[in-house]
Amino acid sequence: MRIRGMALQFTITGVLLLAAVTAATELPIAKPGCQDRCGNVSIPYPFGTGEDCYYDSKFLITCNHSFNPPQAFIGKSDLNFTEITLDGKLRLTQYIAKDCYNRAGAPTESNTPWINLPPQGPYVFSDTDNMFVAIGCDTYAELQGFREDKNDTYVVGCISKCSNEKYVPNTCSGIGCCQTSIAKGIKYFEVSLSSYTNHTGIWEFNPCSFAFIIEEKQFSFFPSNLSDLKEVSEVPIIVDWSIGHNNCETLEKNKMSNACQGQSKCHDPENGSGYICKCLDGFQGNPYLPNGCRNINECSDPKVARNCSHNCIDTEGNYTCSCPKGYHGDGRIDGERCIRNRSSVIQVAVGIAVGLTSLLMGITWLYWGYNKWKLMKLKEKFFRQNGGLMLEQQLSRREGPVTETAKIFSAAELEKATDKYHESRILGRGGFGTVYKGTLTDGRTVAIKKSKTIDHSQIEQFINEVVVLYQINHRNVVKLLGCCLETEVPLLVYEYVANGTLYDHIHDKSKVSAFTWEIRLKIASETAGVLSYLHSAASVPIIHRDVKSTNILLDNSYTAKVSDFGTSRLIPLDQVELSTMVQGTLGYLDPEYLHTSQLTDKSDVYSFGVVLVELLTGMKAISFDKPEGRGIYRRIFFVH
Ligand SMILES: *[C@@H]1O[C@H](CO)[C@@H](O)[C@H](O)[C@H]1NC(C)=O
Ligand SMILES: *[C@@H]1O[C@H](CO)[C@@H](O)[C@H](O)[C@H]1NC(C)=O
Ligand SMILES: *[C@@H]1O[C@H](CO)[C@@H](O)[C@H](O)[C@H]1NC(C)=O
Ligand SMILES: *[C@@H]1O[C@H](CO)[C@@H](O)[C@H](O)[C@H]1NC(C)=O
Ligand SMILES: *[C@@H]1O[C@H](CO)[C@@H](O)[C@H](O)[C@H]1NC(C)=O
Ligand SMILES: *[C@@H]1O[C@H](CO)[C@@H](O)[C@H](O)[C@H]1NC(C)=O
Ligand SMILES: *[C@@H]1O[C@H](CO)[C@@H](O)[C@H](O)[C@H]1NC(C)=O
Ligand SMILES: *[C@@H]1O[C@H](CO)[C@@H](O)[C@H](O)[C@H]1NC(C)=O
Ligand SMILES: *[C@@H]1O[C@H](CO)[C@@H](O)[C@H](O)[C@H]1NC(C)=O
């Protein structure tokens with residue numbers, strides 16, 4: 001029940017809504033509160049059935065309700081009509097003039113219909129929409145008219161003759177049918193017919209003559225009309241109406257601008273008097289009512305909407321076609337239609353290009369960054385592998401004054417300095433690795449010590465050497481300029497000592513002659529000075545642990561430069577001796593240290609003693625080809 005009730009309510013609401021919508025869309029044609037309809041005939045303003053409803057009394061319409069449906073009459077006349085149009089037309093009907101005979105030629109029926117339009121009124125028979133027609137094969141038709149404005153009666157007519165039906169064509173051309181136009185300004189007319197032979201001889205197919213003024217559009221002639229018109233009594237006729245006697249020009253001159261309402265325009269009826277109003281193109285409604293002309297939504301007409309290639313947009317009094325965003329053009333099917341914007345094409349292209357470029361740049365940047373990161377990781381790995389951390393620890397633990405900061409060389413710098421570690425740059429090889437001669441970019445000649453393998457113990461020695469040399473500032477000690485830990489094997493950079501090792505000068509026969517006693521003494525004293533400095537003058541005592549003739553380098557003025565601190569040890573001040581693993585070179589190692597593994601500075605003194613003996617005798621520390629020389633060291637050798 002409830003649901004049905006609700007459904008009913010909805011239906012009612014829907015119907016009411018629909019009614020409201022229909023009412024809203026239907027434009028008013030009469031003044032508010034005025035009857036706009038009489039039976040089947042609508043009555044638009046300026047016509048009206050009452051005083052407040054018409055423009056003036058000449059537009060009075062009488063609606064007689066005693067007819068069913070009620071009939072509308074012009075004014076107080078007996079002229080009823082079927083339609084009023086706002087473009088100045090009124091359609092009514094008129095009797096046909098007939099002149100009929102029997103087979104014998106005696107007249108049986110005849111009439112002369114007439115219509116008199118109200119005088120002084122706005123009505124006149126339309127000369128453009130009507131014509132005078134006579135139909136028959138023995139017919140003389142006459143039209144008598146009266147033109148009120150010219151006080152002039154005029155008569156026109158036409159004759160139609162034919163002896164046989166077969167000569168009658170389908171057009172109204174003088175055979176069976178004739179027609180003429182009518183004059184302007186006719187307010188009254190009368191139609192009369194006559195015959196020459198009372199239709200004798202043609203009676204079989206044409207017993208009557210017919211004549212009438214008829215709405216041109218409604219008329220078409222057929223040979224059958226020669227007989228069938230007998231049954232027809234009325235034909236439609238058009239009457240023009242207009243307002244007043246002034247034409248538009250005069251109205252404008254007299255500033256009667258309110259004659260036609262908004263969105264409408266004044267028109268002169270064709271050579272008639274007065275004026276009529278018409279809504280502007282794109283508007284419809286009653287131009288005589290205020291706000292009577294309303295915009296037409298052209299787009300709701302599918303025929304018009306089809307003129308647009310995309311969107312139809314209704315405008316006030318017109319419509320336009322529009323294109324979607326990113327398109328231009330008039331959007332008309334018979335025009336440019338819609339064209340994709342070049343700018344948007346360019347925008348899209350530029351967008352894609354920018355996108356691709358930034359993507360490419362991004363990838364490149366990432367790749368570059370990744371490579372850099374990889375290289376950094378590698379360098380970091382090498383740095384760690386090469387004891388960089390150890391060095392950092394050692395240096396941070398170190399006390400005493402910093403003499404000079406060792407420079408950290410880049411791998412590339414040293415590679416360039418040594419001509420990519422070229423064979424010709426090799427100064428010497430040993431268990432520790434290879435020493436290259438290099439030239440730095442600032443022109444300094446340096447010796448670059450490159451570890452042979454990535455053996456951890458060797459790396460420790462490298463770091464040890466760096467740490468030890470860091471403590472030393474002595475002119476008879478080879479100066480450490482810096483190091484490079486970025487490469488796979490660590491590199492140490494020293495000052496370049498040009499004149500080779502002491503060993504070379506003692507044992508090379510070609511050099512011995514120049515190696516005078518003064519020089520030998522100088523070297524001995526300088527080396528002794530270095531050892532003295534290491535053992536007692538350095539901030540932390542240092543034991544060299546590998547004093548030998550190959551580790552004493554000589555420069556051009558035979559100044560001694562003690563080198564190779566790879567195995568040297570720093571001895572804390574409160575300790576006299578240190579337990580270590582035995583390290584050193586056979587022939588220079590002292591037997592006590594070999595036995596006890598207790599390292600003291602005396603080990604260096606012993607080794608220096610061996611060097612002194614070398615300087616004095618020119619003999620090698622260990623000689624296997626001289627049995628008497630072997631005796632001194634046999635014990636050591638065997639023990640080891
Ligand atoms: C009047 O209208 C009714 C219904 O709308 C129709 O049946 C009738 O034929 C019409 N009469 C005339 C004379 O147009
Ligand atoms: C309506 O028509 C009838 C019959 O033709 C006529 O007698 C009557 O007077 C008319 N009424 C008006 C108001 O004209
Ligand atoms: C006019 O009224 C008559 C009746 O009085 C009717 O027969 C005729 O059809 C009407 N004509 C028009 C055009 O309504
Ligand atoms: C034709 O009809 C008229 C009357 O309308 C008559 O006077 C005349 O004699 C008739 N003519 C013939 C040939 O019948
Ligand atoms: C119209 O013309 C007739 C004679 O043709 C004349 O008697 C009459 O007075 C004229 N009427 C007017 C209004 O001019
Ligand atoms: C002439 O005959 C045709 C066809 O029979 C018909 O449709 C037409 O209405 C007739 N003309 C007139 C004026 O009645
Ligand atoms: C009709 O009007 C035109 C101008 O609009 C004019 O040239 C012409 O002479 C007029 N014709 C008549 C019959 O008044
Ligand atoms: C309506 O617009 C079209 C072009 O869009 C133009 O050609 C036409 O003249 C316009 N009509 C009116 C009444 O403005
Ligand atoms: C639109 O289309 C109709 C029908 O296709 C055509 O007659 C008309 O000229 C076109 N243009 C306008 C502006 O309506």
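Excluded from the calculations below are hydrogen atoms, water molecules and symmetry mates; all remaining heavy atoms, backbone and side chain alike, are included. One-based numbering, in listed order, for ligands and for the atoms of each. Since this is a predicted model, take the numbers as computed values, not measurements.
A donor-acceptor pair under 3.5 Å links the side-chain atoms of Ser160 to the main chain of Gly136, judged by distance alone.
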Apply side chain to side chain contact (heavy atoms under 4.5 Å, CB included) to the pair Asp152 and Phe146, showing each step before the final yes or no.
CA-CA 6 Å; Asp152 164 35; Phe146 177 69; 5.9 Å; no
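By the criterion of a heavy-atom distance under 4.0 Å, neither the backbone nor the side chain of Val235 is placed next to ligand 6.
At most 12 non-hydrogen atoms from other residues, nucleotides or ligands lie less than 6.0 angstrom from CD of Glu249. Annotation: Lys89, atom NZ; neighbour count of heavy atoms from other residues, nucleotides and ligands within 6.0 Å is above 12. For Glu316, the CD atom counts as densely surrounded, since its 6.0 Å shell holds more than 12 non-hydrogen atoms of other residues, nucleotides or ligands.
Ligand 5 places these atoms under 4.0 Å from at least one heavy atom of Asn151: 1 (C), 2 (O), 3 (C), 8 (C), 10 (C), 11 (N), 12 (C), 14 (O). Within ligand 6, the atoms closer than 4.0 Å to a non-hydrogen atom of Asp228 are 2 (O), 5 (O), numbered from 1 in the order shown. Atoms of ligand 6 lying under 4.0 Å from any heavy atom of Leu229, numbered from 1 in the order shown and given with element: 12 (C), 13 (C), 14 (O).
Side chains of Ser195 and Asp138: a donor on one and an acceptor on the other come within 3.5 Å.
Aromatic pair Phe59/Phe47: centroids less than 6.0 angstrom apart.
Residues of the protein with a heavy atom under 4.0 Å from ligand 4 are Gly105, Pro107, Asn198, listed by chain and number.
Pairs of residues two or more places apart, or lying in two chains, that qualify as ring pair (Phe, Tyr, Trp, His ring centres under 6.0 Å) and include a residue from residues 150-191 are Phe125-Phe189.
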